[in-house]
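One structure is given here, and the rest of the page talks about it.
Nothing fancy with the numbering, it's 1 onward along the sequence. Both backbone and side-chain heavy atoms feed into the values below; hydrogens, waters and symmetry mates do not.
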Amino acid sequence: MDQAQIEVRVLGSLSQISAAEWDSCACPEVTDGGRPLDPFTTHRFLLALEHSGSVGRGTGWQPQYLTAYLDGMLIAAAPMYAKSHSQGEYIFDHNWAHAYEGAGGRYYPKLQIAVPFTPATGRRFLVRPGYEAMGMSAMVQGAVQLAADNQVSSVHATFCTEAEALAGEQMGLMLRQSQQFHWLNDEYQDFDGFLAALSSRKRKNIRKERAQAIDFGGEIRTLTGDDLRPEHWDAFWQFYQDTGSRKWGVPYLTRQFFDIAHETMADDMALVLAERDGYPIAGALNFIGRETLFGRYWGCTEHHACLHFELCYYRAIDFAIAEGLARVEAGAQGEHKLARGYLPTRTHSLHWVNEPGFADAIKKYLDAEAHAVGEEIEILTDYGPFRKSNPEEQQ
């Protein structure tokens with residue numbers, strides 16, 4: 001088909017496109033009645049960010065959704081934003097910005113193809129099945145052309161899939177590699193089955209941590225769907241504010257986001273609450289994909305030994321095993337996850353920089369960084385908690 005037939009449009013709001021049309025590219029797999037692979041690129045999640053004021057005016061995340069039409073049919077879309085800062089991305093380019101501006105350039109605004117505040121791997125170039133190559137090409141060309149026409153410094157697509165990363169590199173984008181810690185389900189029947197795969201020392205340590213955690217004097221519940229109540233979000237908002245103020249200065253999500261998500265995404269969320277005398281004291285929020293449980297936010301009003309590990313990591317593993325999910329993505333950073341069964345996993349992003357000389361410098365940096373990331377993953381994996389073939393290493 002002729003590339004000239006494709007019309008690329010930029011939308012200032014997802015309210016300009018129906019959920020059915022957007023999701024036909026974002027999550028076409030739901031036609032079988034199952035969950036989306038990625039709940040974060042669905043129309044309902046992105047619109048909740050907009051309607052709650054978590055993105056939009058005054059946030060530094062201005063929606064510029066990219067769409068491509070062929071003969072009037074949507075064949076591709078991308079959640080794109082004009083950014084006036086580098087907060088809430090988790091693939092850090094602050095040093096790029098400082099160098100760019102130190103050389104006399106203007107780094108912001110930039111274009112970011114991403115899910116705001118969400119370091120979770122998923123498709124960033126949302127393409128209707130059967131139009132993969134054409135749709136991604138239209139998205140990449142459209143984003144780069146928009147940046148060039150408006151003298152924007154750069155385009156970034158963060159936490160894309162490996163397949164997108166490789167395809168984007170073939171199209172001339174720069175590939176960046178990072179790493180997170182993910183738990184992989186080796187067809188475990190229960191948590192004890194997972195523990196059996198660990199070395200004796202790590203197995204004992206996890207059992208000790210779980211025992212300490214449940215000794216806080218209350219109960220722990222995992223709530224999803226109709227079990228979630230508005231008052232749960234009142235409690236979780238306190239937890240989220242506490243964590244947000246310590247990590248980011250100002251929480252990224254507004255209070256209204258949780259109210260909207262309760263109405264539109266209750267079945268997509270699993271909220272783990274620690275309660276004493278019926279009152280929540282800590283909580284961890286997960287989003288549920290078709291194959292993956294995505295750990296997102298944690299907070300507490302009381303500190304108890306190992307409660308963070310229990311709510312964020314061990315209960316997530318319990319849930320994934322019970323639901324037959326293939327993996328748990330526990331968010332950005334955190335080498336402490338390694339001892340708890342979460343292994344280093346490569347993540348990918350794509351970048352285009354308008355200024356050729358600066359792009360060359362970044363490319364050299366990314367090549368060196370990728371080598372370092374590969375070495376780190378190899379070392380960390382070797383220090384992982386799983387049993388080795390040498391019996392002495394199991395002790």
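Annotation for H371: atom NE2 does not count as buried by contact number, only 12 or fewer foreign heavy atoms lying within 6.0 Å. The 12-atom threshold is exceeded at CD of E231, counting heavy atoms of other residues, nucleotides or ligands nearer than 6.0 Å. Within a 6.0 Å radius of CG in D277, other residues, nucleotides and ligands contribute 12 heavy atoms or fewer.
Its side chain outside the 4.5 Å cluster rule for every partner, F92 clusters with none of the Ile, Leu, Val, Met, Phe, Trp and Tyr residues. L366 belongs to a hydrophobic cluster whose remaining members, ordered by chain and number, are W96, Y100, Y107, Y108, M174, V353, F358, I362, Y365; membership requires side-chain heavy atoms of ILVMFWY residues under 4.5 Å apart, directly or through intermediates.
Ring centers of F45 and F287: under 6.0 Å apart, within the cut-off. In this structure, Y313 has its ring center closer than 6.0 angstrom to the ring center of H336. Aromatic pair Y240/F258: ring centres closer than 6.0 Å. Taking the centre of each ring, Y252 and F117 come in below the 6.0 Å mark.
Applying the salt bridge (Lys or Arg N to Asp or Glu O under 4.0 Å) criterion to E302, with sequence neighbours excluded, gives R276. Every residue two or more places apart in sequence or in another chain that forms a side-chain contact (heavy atoms from CB on, under 4.5 Å) with R106 is listed here: P109.
Judged by distance alone, the side chains of Q177 and T347 never bring a donor and an acceptor atom under 3.5 Å apart.
Evaluation of the ring-ring contact (aromatic ring centres under 6.0 Å, His included) test over residues 192-217, restricted to residues two or more places apart or in two chains, returns W183-F194, Y188-F194, F191-F194, F216-H304. Applying the salt bridge (Lys or Arg N to Asp or Glu O under 4.0 Å) test to pairs two or more places apart or on separate chains, none has a residue in residues 140-166.
Between F236 and F239, the two ring planes are perpendicular [angle over 60°; tilted spans 30° to 60°].
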Carefully, step by step, assess E209 and H308 under the rule side-chain contact (heavy atoms from CB on, under 4.5 Å). CA-CA 10 Å; E209 287 185 344; H308 170 248; over 6 Å; no
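The pair R255-D259 meets the salt-bridge criterion, since a charged nitrogen lies less than 4.0 angstrom from a carboxylate oxygen. Between E89 and K110 there is a salt bridge, with a side-chain nitrogen of the basic residue lying less than 4.0 Å from a carboxylate oxygen of the acidic one.
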